[in-house]
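Numbered from 1 within each chain, the chains take letters A, B, ... in sequence-line order.
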Protein chains: 2
Amino acid sequence: MPTPERTNVDAIVTAATEILEHQGVDALTMQAVATAVGVRAPSLYKRVRSRNDVIRLVMERIAIDLGDALDAAVDGIRDPRDRALALLRATRAFAHARPDSYSLLFARLPDDALPEPAVLAGTIAGVLRVSTELVGDEHALEAARTLTAWVHGFVSMELADRFRMGRDVDEAFEYGSRRIADALAMTAG
Amino acid sequence: MPTPERTNVDAIVTAATEILEHQGVDALTMQAVATAVGVRAPSLYKRVRSRNDVIRLVMERIAIDLGDALDAAVDGIRDPRDRALALLRATRAFAHARPDSYSLLFARLPDDALPEPAVLAGTIAGVLRVSTELVGDEHALEAARTLTAWVHGFVSMELADRFRMGRDVDEAFEYGSRRIADALAMTAG
DNA sequence: ACCTGAACACCGTTCAAGT
DNA sequence: ACCTGAACACCGTTCAAGT
């Protein structure tokens, strides 16, 4: 006689995301997830292939959340330079609010822990759009990469607390962001 | 009667660095290091406090290597803008040559796995020097952070293979690097 | 059809016992 | 003084056995 399902993939991903954000990626074990959803660890393998599979599903959810945050950040702003700055600030705000999630999004992981490329493409669609407005079609991709690399580099150094930042970190971020946005905007003409 | 020492900290760090670079950070286990230096895992604890301690020592060695590579890269170049570009390219070359070492240098790690701040300060001393030449004293720190964040962001996205880069990655790097160096140089006047 | 305990092959780390 | 086997508390994962 079939026993009723006591959990499902959605509950697993939700529990895993919460563990990641409250206790860090090392605490994201199959046993911790199992306990959170009310089963034993082996039962999880009826829903997911492996721990890397859980990480993949969590990453996809985070990527969508970041994409939504970026879209919301530029909504209502007209000037392309201001829209670019809004993207940069929103990325940094997301990283501060959910540091472990943000870090996972850019961590070096085995292939079977990586999301569908389409999901990640959706996340940066907005960045590519704003980059096109800023520098035109020809160099839109390079500009998008410049913006993304800059903000990711800054934020990841902040999160890792490496090369200790002084006190005026916000100012350093604005300084670099404005300079980069200006440099890109100038190439449009 | 005292038994002779069969290993030492230096051999441990060398073995650990080689495992890191050939097999990745997950393969850097106490057992693997112990086997490589010819003892059993528990013996390592006579030389190091913990696995995090091994990681800290490995990171310090990597940080010094990167600092040396950066110093060598600007040697003989006069123009501050060219010196800045040389630093950026040398950082990227180091990351390509030793991807697992480079990634470790910027990974989020527990405090007891982090090097002495002085070691990391030494690594970026050259960047700060070039930044001062480029933008003057007042904004040298912000400029150094801009350069460092840009190159680290670009390289870490390359290494993580996230947001798949197209084929002209080299061109995108040069595009962004030149634009950023120019933008910084302009603020000097 | 789903869930579980037991098991396997690993981890990092501690410690009493050996030399 | 150093090294080791054994042990402890964990991992991820598999699988036969239960319902």
With sequence neighbours excluded, residues passing side-chain contact (heavy atoms from CB on, under 4.5 Å) with [X]:
X        : answer
A:Ala63  : A:Leu105, A:Val119, A:Leu120, A:Thr123
B:Ala160 : A:Arg108, B:Arg162
B:Ala36  : B:Ala15, B:Ile19

* To do: For A:Arg129, enumerate each residue passing the side chain to side chain donor-acceptor pair (under 3.5 Å) test, keeping only those at least two apart in sequence or located in another chain.
  => none
* To do: Give, ordered by number, those residues of residues 13-25 of chain B having at least one heavy-atom distance below 4.0 Å to an atom of DNA chain D; if nothing qualifies, reply none.
  =>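 Listed by number, there are none.
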Give me the distances for all protein-to-nucleotides 5-9 of chain D N/O pairs that come in under 3.5 Å?
unit_1: D:dG5; atom_1: OP2; unit_2: B:Arg40; atom_2: NE; d: 3.2

* Give the stems involving DNA chain D, where a stem is 3 or more consecutive Watson-Crick or G-U wobble pairs (i with j, i+1 with j-1, and so on) under 3.5 Å. =>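 DNA chain D stems, ordered by first number: C:4-8 with D:12-16, C:12-16 with D:4-8.
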If a pair satisfies side chain to side chain donor-acceptor pair (under 3.5 Å) and one of its residues is in [range], list it, with sequence neighbours excluded.
range                     : result
residues 81-96 of chain B : B:Arg81-B:Asp182, B:Arg83-B:Glu133, B:Arg89-B:Glu174, B:Arg92-B:Glu158, B:Arg92-B:Asp170, B:His96-B:Glu158
residues 19-32 of chain A : A:Glu21-A:Arg98, A:Glu21-A:Ser101
residues 32-52 of chain A : A:Asn52-A:Asp112

* Asked: For the atom pair CG (A:Leu147) and CG (A:Leu134), what is the distance rounded to the nearest 0.5 Å?
  ->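 Between atom CG of A:Leu147 and atom CG of A:Leu134 there are 7.0 Å.
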* Can you tell which of D:dT4, D:dT13, C:dG12 lies closest to the side chain of A:Met30? -> D:dT13
* Qualifying ring-ring contact (aromatic ring centres under 6.0 Å, His included) pairs, either residue in residues 122-143 of chain A, two or more places apart -> A:His139-B:Tyr175
* Who pairs with B:Tyr102 by ring-ring contact (aromatic ring centres under 6.0 Å, His included), at least two apart in sequence or on another chain? ->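 Partners of B:Tyr102 by the ring-ring contact (aromatic ring centres under 6.0 Å, His included) criterion, ordered by chain and then number, come out as B:Phe106, B:His152.
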